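Contents: one structure, followed by commentary.
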Amino acid sequence: MHDLRMVRDQIDALREGMRRRGALKKLGPLIDRAAELDRNRRLTIQAVEERKAERNAASQSVARLKRAGENADDVQKRSRELGEEISRLDSELAETEISLNGILLELPNINLDVVPEGGEENNAIVRTWGEPREARAVKPHWEIGEALGLIDFQRGAKISGSGFIVFRSEGARLVRALMSFMLDLHTRQHGYEEVWVPIAVNRASMTGTSQLPKFEDDMYRLAEEDMFLIPTAEVPVTNLYRDEILNASDLPKALTAYSPCFRREAGAAGKDTRGLLRVHQFDKVELVRYAIPETSNDELELLTGHAEKVLQLLELPYRVVRLAAGDTGFASAHTYDLEVFAPGVGAWLEVSSCSNFTDFQARRAGIKYRPVEGGKPRFVHTLNGSGLAFPRIIAAIFEHHQQPDGSVVIPAALRPYFGAERLG
RNA sequence: GGAGAGAUGGCCGAGAGGCUGAAGGCACCGGUUUGCUAAACCGGCAUACGUGGAAACGCGUAUCGAGGGUUCGAAUCCCUCUCUCUCCGCCA
């Protein structure tokens, strides 16, 4: 969410930000409407507060008069009239603020200057690591998974539905190995605190990290409780400090969490439906950092490096892509996607999206810090990225580390966790 | 699920319609004193919005779990909800 002052004092910058995302046509009128609502809001506030001040003074004189044993009927009458005006103006104000807030919640973050404007076609490859293996004679991961008895797609669909899968035997063990491997790496080598969090969260949390109000249809909702299954551990982990003020000495704060993630993928029907590329439930180890504004750019590089380290240790070739403005997520100011090459499907698969949200989520979620002892609190900057998402990593391992005989070599770094050198 | 108790500033805790943005204590910050440390003493110490100001800061409004109500006036009375604790039941 943007500071209301953006609408007031920097409306051109706001408009420019939307233009760079290619969203000005759609959001420009909303911005104008917000500016108008802001003017109304301030006029109404002035009117209502004037009357409240007068009423407060009147109540004081009632108290004085009564103590002196004098008649206060006139003052009480005036005060009652003021009260009626106040409740009228208050509800007018509430309406204005609801509309205004509704618009603010719909405006995406403004991208940093390094981010190319425009859509996906302007995404820029920043660097690549490793050699993509030739696709010839490499089976896609779903064939390997089924041939080796590691993934059971049919029964996943039977017990839940399409897009739900079952890992079994060494496949299930591989999931568990990845979990421990990634968490150990980030806690022991990269300095993250491990957290274990709820995977069903309330509306306020979903709003804090910007999944709501815009993306309600993409999530599984528990109707009775009005709760949501998380699409990423970003939600509970970032909301850990919602409505709190941190000390400067707490920053940067680095948290990592394993969690299952749930996505309805509404509107993605027919896209990447085979295998592990797009499933409704998957596992992920998430990295979240809270930083002071001055260092958040560096923090993004650091966090991206931590996610990259996982791919390097898994010996999987990947590239780092700086997303163009129109392709960055709603809340993000700057995003690097990590894409791993999967020769079986012949595609670069997004396995992590590392983003600097600047103060956008922090303002929504009310996460502040005190720069100096006794100083005024400021909003923190929040960052996160997957480190990493399991299914596509598994797909990449199956395909990239596949041997001519159809077996799969487990990367050395994972062997202590997996307990064997190969699958099949 | 049933019965009861509770929610006040960073923390503890008073307050029971007006004199309370909120006593007192702790913590924290600044100062005085002091071989050092500690102690003692003095002072400071919430957030948001609006408004004036270059700024320091001033003024106004709101905030005692959340929302509604009663009243000229609510931390205080009433209603609803949320959360915490205790006991009972059920249960991995």
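So that the names make sense, note that chain A is the first sequence line, chain B the second, and so on, each numbered from 1. Small disclaimer: the values here were computed from a predicted structure and weren't measured.
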task: For the side chain of Ala53(A), starting at C-beta, report the closest nucleotide among G60(B), U47(B), C72(B).
output: G60(B)

message: Rounding to an integer number of angstrom, what distance separates C12(B) and A7(B) when you compare their P atoms?
response: 12 Å

- prompt: To the nearest Å, how far apart are Glu81(A) CD and C72(B) C1'?
  reply: 11 Å

message: Any salt bridge linking Asp73(A) with Lys77(A)? Criterion: basic side-chain nitrogen under 4.0 Å from a carboxylate oxygen.
response: no

statement: Pairing partner of A75(B), by Watson-Crick or G-U wobble and under 3.5 Å for both distances, is none

message: Quick test of your reading of the model: are Asp38(A) and Arg8(A) salt-bridged, counting only N-O distances below 4.0 Å?
response: yes

- prompt: Separation of Lys77(A) atom NZ from U71(B) atom P, in whole Å?
  reply: 17 Å

field: G44(B) and C26(B), which share atom name P, separated by this distance in whole Å
entry: 16 Å

message: With a 4.0 Å cutoff (strictly under), does any side-chain N or O of Arg41(A) reach OP1 or OP2 of G50(B)?
response: yes

message: Under a 4.0 Å threshold between the charged nitrogen and the carboxylate oxygen, would Arg19(A) count as salt-bridged to Glu16(A)?
response: yes

task: Tell me, please, whether Phe418(A) has Arg173(A) positioned over its six-membered ring: NZ or CZ under 6.0 Å from the ring centre and within 45 degrees of its axis?
output: yes

query: Pick the nucleotide of RNA chain B nearest each of Gln76(A) and Ile245(A); which residue has the one closer to the 5' end?
result: Ile245(A)

query: What is the distance from CZ of Arg51(A) to P of U51(B), rounded to the nearest Å?
result: 16 Å

- request: Could you give the distance separating G15(B) and G30(B) at their C1' atoms, to the nearest angstrom?
  value: 31 Å

message: Which nucleotide, if any, forms a Watson-Crick or G-U wobble pair with A5(B), using both distances under 3.5 Å?
response: U84(B)

- prompt: Does A46(B) have a Watson-Crick or wobble partner in any strand here, with both distances under 3.5 angstrom, and which is it?
  reply: U63(B)

task: Give a yes/no on whether any side-chain N or O of Lys66(A) is located under 4.0 angstrom from OP1 or OP2 of C19(B).
output: no

From A48(B), U61(B), C72(B), nucleotide with atom closest to Val62(A) side chain: C72(B)

message: In this structure, how many angstroms lie between the C1' atom of G73(B) and the CG atom of Asp73(A), rounded?
response: 15 Å

query: Expressed in angstrom and rounded to an integer, what is the separation of Leu93(A) atom CG from C49(B) atom C1'?
result: 10 Å

Complementary nucleotide for A54(B) - Watson-Crick or wobble, under 3.5 Å: none

- prompt: Rounding to the closest angstrom, what is the interatomic distance between C87(B) and C79(B) at atom P?
  reply: 27 Å

query: Under 6.0 Å between ring centres, would you say that holds for His381(A) and Tyr290(A)?
result: no

C1' gap between A66(B) and U8(B), integer Å: 15 Å

- prompt: If only side-chain N and O atoms of Arg370(A) are considered, is one of them under 4.0 Å from the OP1 or OP2 phosphate oxygen of U47(B)?
  reply: yes

query: Is the phosphate of U61(B), meaning OP1 or OP2, less than 4.0 Å from a side-chain N or O of Asn56(A)?
result: yes

- request: For residues Phe357(A) and His334(A), establish whether the separation of their ring centroids is below 6.0 Å.
  value: no

query: Which whole number of Å gives the distance between the C1' atom of G67(B) and that of A16(B)?
result: 23 Å

task: Let me know the distance between CG of Asp90(A) and P of C49(B), rounded to the nearest Å.
output: 18 Å

- line: Checking A48(B), U61(B), C72(B) against the side chain of Arg80(A) (C-beta onward), the nearest is C72(B)

field: Nearest-angstrom distance, C1' atom, G2(B) to G9(B)
entry: 36 Å

message: When you compare the side chains of Tyr369(A) and Asn247(A), does any donor N or O come within less than 3.5 Å of an acceptor on the partner?
response: no

message: For G50(B) and Arg42(A) - does any side-chain N or O of the residue sit under 4.0 Å from the phosphate oxygens OP1/OP2?
response: no

query: Considering every strand shown, what is the Watson-Crick or G-U wobble mate of A40(B) when both distances are under 3.5 Å?
result: U32(B)

task: State plainly whether the residues Arg33(A) and Glu36(A) are in salt-bridge range, i.e. N to O under 4.0 Å.
output: yes

message: Does a side-chain N or O of Arg55(A) approach OP1 or OP2 of G73(B) to a distance below 4.0 Å, or not?
response: yes

- request: Provide, to the nearest angstrom, the distance between the CD1 atom belonging to Ile45(A) and the P atom belonging to U61(B).
  value: 14 Å

statement: Atom CD1 of Ile86(A) and atom P of U61(B) are separated, to the nearest Å, by 10 Å

- request: Quick one: label Arg378(A) by what it contacts on the DNA or RNA (base, sugar-phosphate, nothing), any heavy atom closer than 4.0 Å.
  value: nothing

field: A46(B) to U20(B) separation - C1' atoms, rounded to the nearest Å
entry: 15 Å

- prompt: What is the pairing partner of U20(B), taking Watson-Crick or G-U wobble pairs with both distances under 3.5 Å in any strand?
  reply: none

- prompt: What about Gln46(A): does its side chain form a donor-acceptor pair under 3.5 Å with the base of G50(B)?
  reply: no

field: Nearest-nucleotide 5' precedence on RNA chain B, Glu49(A) against Glu97(A)
entry: Glu97(A)

